[in-house]
Amino acid sequence: EVNMEIKVIGEGCEKCDKLYENTLLAIEELGLDAKIEKVEDLMDIVRLGIMTTPSVMVDGKLIISGRVPKVKDIVKLLS
């Protein structure tokens, strides 16, 4: 199994928290060995080159931007 590095990016907004929650549930459902991290500091977000939040990056690649997909949609994106 691949060890993924997932970053949920957003400045602590409600949508960002929801996206983090949904991403955790998706990882759990897939049984992935993933390191998940919340990126909430504006400077860190800018350094990552993210323009729209909430976003999700997997291994440095942006897979979700500016929306909060349902858990099942995140499952699809991660599998």
Side-chain angles (χ1 to χ4, degrees):
E1 236 180 81
V2 187
N3 190 5
M4 286 181 168
E5 194 172 299
I6 300 172
K7 288 182 185 353
V8 179
I9 302 145
E11 290 177 273
C13 61
E14 214 174 293
K15 280 182 177 171
C16 308
D17 291 341
K18 184 73 182 145
L19 183 55
Y20 182 76
E21 212 176 285
N22 286 0
T23 304
L24 278 178
L25 290 168
I27 290 168
E28 218 171 279
E29 198 174 306
L30 287 165
L32 292 176
D33 177 22
K35 180 182 161 229
I36 183 163
E37 170 192 358
K38 239 179 182 177
V39 181
E40 296 183 305
D41 182 75
L42 185 59
M43 288 318 293
D44 292 338
I45 294 170
V46 170
R47 261 195 292 276
L48 288 169
I50 301 298
M51 297 299 162
T52 321
T53 61
S55 295
V56 174
M57 280 183 125
V58 176
D59 297 330
K61 193 174 146 230
L62 191 63
I63 64 159
I64 296 166
S65 179
R67 62 195 180 93
V68 181
K70 292 186 177 81
V71 176
K72 64 177 170 63
D73 297 326
I74 300 173
V75 166
K76 269 185 215 143
L77 287 168
L78 292 176
S79 48

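In what follows, every heavy atom counts, from backbone to side chain, and hydrogens, waters and symmetry copies are set aside.
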If you group Ile, Leu, Val, Met, Phe, Trp and Tyr by side-chain heavy-atom gaps below 4.5 Å, do [X] and [Y] land in one group?
{"X": "Leu62", "Y": "Leu77", "value": "no"}
{"X": "Val39", "Y": "Leu24", "value": "no"}
{"X": "Met4", "Y": "Leu19", "value": "yes"}
{"X": "Ile64", "Y": "Ile9", "value": "no"}

Separation of [Y] [atom2] from [X] [atom1] (nearest 0.5 Å):
{"X": "Lys35", "Y": "Lys7", "atom1": "NZ", "atom2": "NZ", "result": "5.5 Å"}
{"X": "Ile63", "Y": "Thr23", "atom1": "CD1", "atom2": "OG1", "result": "7.5 Å"}
{"X": "Ile27", "Y": "Asp33", "atom1": "CD1", "atom2": "CG", "result": "10.0 Å"}

Do Asn22 side-chain atoms and Val68 backbone N/O form a donor-acceptor pair below 3.5 Å?
no
Is there any side-chain hydrogen bond (donor to acceptor under 3.5 Å, both in side chains) pair reaching into residues 68-79, and which pairs are they, with sequence neighbours excluded?
none
Smallest separation among heavy atoms of Ala34 and Asn3, with atom names:
CA-OD1, 3.9 Å
Salt bridge (Lys or Arg N to Asp or Glu O under 4.0 Å) partners of Glu11, counting only residues at least two apart
none
Take a 6.0 Å sphere around CD of Glu37 and say whether it holds more than 12 heavy atoms from other residues, nucleotides or ligands.
yes
Distance-only criterion, 3.5 Å: show the donor-acceptor pairs between side-chain atoms of residues 41-58 and protein atoms not counting sequence neighbours.
from: Asp41; atom 1: OD2; to: Met43; atom 2: N; distance (Å): 3.2
from: Asp41; atom 1: OD2; to: Asp44; atom 2: N; distance (Å): 3.3
from: Asp44; atom 1: OD1; to: Arg47; atom 2: NH2; distance (Å): 2.6
from: Ser55; atom 1: OG; to: Thr52; atom 2: O; distance (Å): 2.5

